[in-house]
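Keep in mind the model is a prediction, meaning the values are calculated, not measured.
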Amino acid sequence: MSIVRYYEQSRGQRLGLLLDEKVYDLSDLTGSRITSFLELVQCAGGSRIGAYIEQKISPLINQTTPWQSYQTLDAEPADGRNHLLTPLDPPEVWAAGVTYKRSQEAREFETTAKSIYDRVYEAKRPEIFFKATPSRIAGPYEKVCLRSDAHWMVPEPELGLVLGNGGEILGYIIGNDMSSRDIEGENPLYLPQAKVFKNSCALGPVIAPADKVPDANNLKIDCKIIRQGIIVYQDSASTSQLKRSFAELVDYLCRDNVIPAGTVLLTGTCLVPPDDFTLLDGDIIEITIDHLGTLRNTALQL
């Protein structure tokens, strides 16, 4: 069970329930105007979205027909055809860094300020930084940006937490925290420039309700990079390798901070390509996480 948002030629943006590879229009199912994830949260009255859907919406499914199969949406849009959108427009996206050993090793290798990331990895306080506003977010099949002043660009596959007003975890989403390793490595104070730029964050393709994901602390994450039809990088890891708990990361994000409902917190990357690898124009990035499907984007200088 997951939530998708999609564009329909005849009616514009719609919110859908994805069950068994079939998409059901939530407005049609409920007889209301549920057109956004946060409206669904309001109807559910809190974070148990999956339970609300099972109790209130699933019984209606036998009385309707699915809008269409998910496969027809999960493809690169052409000529304005029906296609996937980001499942929500988060008011803010934040990210945690150095939460996996592989990330700590990569950032220590690239930096001129040696030992700084060793200390961050072991510190009580996690590294949390601002990542994106809605205008900087790319959805499924949209383009992610290669900075024109960077020479060492990589994707960072991450599990994202979709948060409510009080910091409760409403759901999970795939995130791609695009990063410039050379800008970041030159000076730690350059982190915002290495991380925050146009189309620097991709999100999608679905939101899985938090109460319907059996074990978010043990999700397999795969990353594949395809160049001219050839796989040039592929690796897998698991959220079980995360050094810090989700609760810890959310706690530090929310301290003396106003977190609007729908904010996404990316939990860090455990997959980093080899140190001699950089993305090139036209590379296709595929990130797959258990229960969340596959997020696909093309990297380009925009």
Side-chain angles (χ1 to χ4, degrees), residues 92-132 150 152-163 166-169 172-196 200-201 210 213 215-223 233 235-257 259 263-278 287 289-290:
E92 300 174 351
V93 179
W94 295 74
V98 202
T99 54
Y100 290 88
K101 185 65 176 175
R102 178 68 184 101
S103 176
Q104 176 259 323
E105 293 169 346
R107 290 176 72 176
E108 187 63 23
F109 173 84
E110 74 196 18
T111 188
T112 57
K114 294 304 180 184
S115 82
I116 184 172
Y117 294 114
D118 293 337
R119 298 199 303 273
V120 170
Y121 185 72
E122 298 296 340
K124 179 179 179 181
R125 180 183 294 273
E127 177 194 33
I128 296 178
F129 56 89
F130 189 82
K131 174 62 186 180
W152 190 8
M153 293 287 305
V154 295
E156 293 193 2
E158 308 193 16
L159 178 69
L161 314 178
V162 183
L163 304 179
E168 67 272 24
I169 299 174
Y172 301 101
I173 192 171
I174 298 175
N176 178 2
D177 169 19
M178 291 289 290
S179 298
S180 166
R181 293 189 65 185
D182 54 332
I183 293 176
E184 180 182 14
E186 185 176 347
N187 190 316
L189 295 180
Y190 295 165
L191 179 68
Q193 297 174 75
K195 294 285 191 178
V196 184
S200 61
C201 178
V213 175
D215 185 5
N217 295 298
N218 191 24
L219 299 177
K220 184 182 179 185
I221 304 177
D222 294 300
C223 182
Y233 170 77
D235 203 357
S236 300
S238 169
T239 56
S240 63
Q241 299 166 249
L242 186 66
K243 183 178 189 291
R244 302 178 186 271
S245 70
F246 299 147
E248 178 185 2
L249 296 175
V250 172
D251 172 62
Y252 274 95
L253 173 64
C254 293
R255 290 187 183 186
D256 297 304
N257 197 6
I259 301 301
T263 292
V264 171
L265 172 60
L266 303 179
T267 55
T269 191
C270 48
L271 293 171
V272 181
D275 294 327
D276 60 353
F277 179 90
T278 187
I287 302 169
I289 300 182
D290 289 345

Student: Look at the side chain of Ser245 and the backbone N and O of Glu248, then say whether any donor-acceptor pair between them is shorter than 3.5 Å.
Tutor: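 Yes: the side chain of Ser245 pairs with the backbone of Glu248.
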Student: After noting the C-alpha distance and the side-chain angles of Asp275 and Arg181, does the key distance pass the side chain to side chain contact (heavy atoms under 4.5 Å, CB included) rule?
Tutor: CA-CA 9 Å; Asp275 294 327; Arg181 293 189 65 185; 3.1 Å; yes
Student: Can you tell me how far apart CG (Leu265) and SG (Cys254) are? Round to the nearest 0.5 Å.
Tutor: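 Result: 8.5 Å between the selected atoms.
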Student: Between Lys195 and Ser179, is any side-chain donor less than 3.5 angstrom from a side-chain acceptor?
Tutor: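 Looking only at side-chain atoms, Ser179 and Lys195 do form a donor-acceptor pair, the distance falling under 3.5 Å.
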Student: Hey, is the main chain of Gly268 close enough, under 3.5 Å, to the side chain of Glu158 for a donor-acceptor pair?
Tutor: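 Pair found, side chain donor or acceptor close to backbone of Gly268.
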Student: Please find the pair of heavy atoms, one from Gly160 and one from Leu266, that lie closest to each other, and give the distance.
Tutor: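 Looks like CA-CD2, 3.9 Å.
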Student: Has the side chain of Thr99 got a donor or acceptor atom that lies under 3.5 Å from a matching backbone atom of Thr267?
Tutor: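 Pair found, side chain donor or acceptor close to backbone of Thr267.
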Student: Would you check, one step at a time, whether the test side chain to side chain contact (heavy atoms under 4.5 Å, CB included) holds for Val264 with Leu163?
Tutor: CA-CA 6 Å; Val264 171; Leu163 304 179; over 6 Å; no
Student: Output the distance between atom CG (Asn257) and atom CD1 (Ile259), rounded to the nearest 0.5 Å.
Tutor: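 Reported to 0.5 Å precision, the distance equals 4.0 Å.
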Student: Of the non-hydrogen atoms in Gly175 and Ile287, which two are nearest, and what is the gap between them?
Tutor: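 Looking at all heavy atoms of both residues, the shortest contact is O-CD1, 4.0 Å.
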Student: Could you pull out the closest heavy-atom pair between Ile169 and Ala210, with the gap in Å?
Tutor: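 Looks like O-CB, 3.4 Å.
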Student: How many angstroms lie between CH2 in Trp94 and CG in Leu253, if you round to the nearest 0.5 Å?
Tutor: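 Reported to 0.5 Å precision, the distance equals 6.0 Å.
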Student: Apply side chain to side chain contact (heavy atoms under 4.5 Å, CB included) to Leu161 and Val250, showing your working.
Tutor: CA-CA 9 Å; Leu161 314 178; Val250 172; 3.8 Å; yes
Student: Report yes if some heavy atom in the side chain of Val93 is under 4.5 Å from a heavy atom in the side chain of Thr263; otherwise report no.
Tutor: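 Sidechains of Thr263 and Val93: no contact.
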Student: Looking at every heavy atom in both Lys220 and Asp290, which two are closest together, and how far apart are they?
Tutor: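 Minimum heavy-atom contact is N-OD2, 3.0 Å.
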Student: Just by distance, do the side chain of Arg244 and the backbone of Lys124 share a donor-acceptor pair under 3.5 Å?
Tutor: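 Indeed, once roles are kept as given, a pair shorter than 3.5 Å links the two residues.
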Student: Decide if atom CZ of Arg255 counts as having more than 12 heavy atoms of other residues, nucleotides or ligands within a radius under 6.0 Å.
Tutor: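 More than 12 heavy atoms, drawn from other residues, nucleotides or ligands, come within 6.0 Å of this atom.
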Student: Does the side chain of Met153 reach to within under 4.5 Å of the side chain of Met178, using non-hydrogen atoms?
Tutor: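 Yes, at least one pair of side-chain atoms sits under 4.5 Å.
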Student: Tell me, with the steps shown, if Cys270 and Ile221 meet side chain to side chain contact (heavy atoms under 4.5 Å, CB included).
Tutor: CA-CA 8 Å; Cys270 48; Ile221 304 177; 4.0 Å; yes
Student: Under 30°, 30 to 60°, or over 60°: which ring-plane class applies to Tyr233 and Phe277, parallel, tilted or perpendicular?
Tutor: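 Plane angle between 30° and 60°, so tilted.
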Student: What is the distance from atom CG of Asp251 to atom CD1 of Ile128, rounded to the nearest 0.5 Å?
Tutor: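 It comes to 8.5 Å.
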Student: Heavy atoms, side chains only, cut-off 4.5 Å: are Glu184 and Tyr190 in contact?
Tutor: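 The answer is no; the side chains never approach within 4.5 Å.
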Student: Where the side chain of Ser238 meets the backbone of Asn218, is there a donor-acceptor pair that is under 3.5 Å apart?
Tutor: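 Answer holds: no.
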Student: Checking Asn176 side chain against Pro155 main chain: does a donor-acceptor pair fall under 3.5 Å?
Tutor: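 Checking the backbone N and O of Pro155 against the side chain of Asn176, no donor-acceptor pair under 3.5 Å is found.
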Student: About how many Å separate CZ of Phe246 and CG of Asn217, when rounded to the nearest 0.5 Å?
Tutor: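 These two atoms lie 5.0 Å from each other.
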Student: First locate atom CG of Leu191, then atom CZ of Phe129, and finally report the distance between them rounded to the nearest 0.5 Å.
Tutor: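 Interatomic distance, Leu191 CG to Phe129 CZ, rounded to 0.5 Å: 5.5 Å.
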Student: Between Thr269 and Pro157, which heavy-atom pair has the shortest distance, and what is it?
Tutor: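 Looking at all heavy atoms of both residues, the shortest contact is OG1-O, 3.1 Å.
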Student: Taking the side chain as every heavy atom from C-beta outward, state whether Pro126 and Leu249 have any pair of such atoms under 4.5 Å apart.
Tutor: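 Side chain of Pro126 against side chain of Leu249, heavy atoms only: contact under 4.5 Å found.
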Student: Does Lys131 use its side chain to pair, donor to acceptor, with the backbone of Asp177 at less than 3.5 Å?
Tutor: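 No: the side chain of Lys131 does not pair with the backbone of Asp177.
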Student: Only counting residues at least two apart or in another chain, list the ones meeting side-chain contact (heavy atoms from CB on, under 4.5 Å) with Val213.
Tutor: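 Testing Val213 for side-chain contact (heavy atoms from CB on, under 4.5 Å), a comparison that skips the adjacent residues, returns Tyr172, Ala208, Ala216, Leu219, His291.
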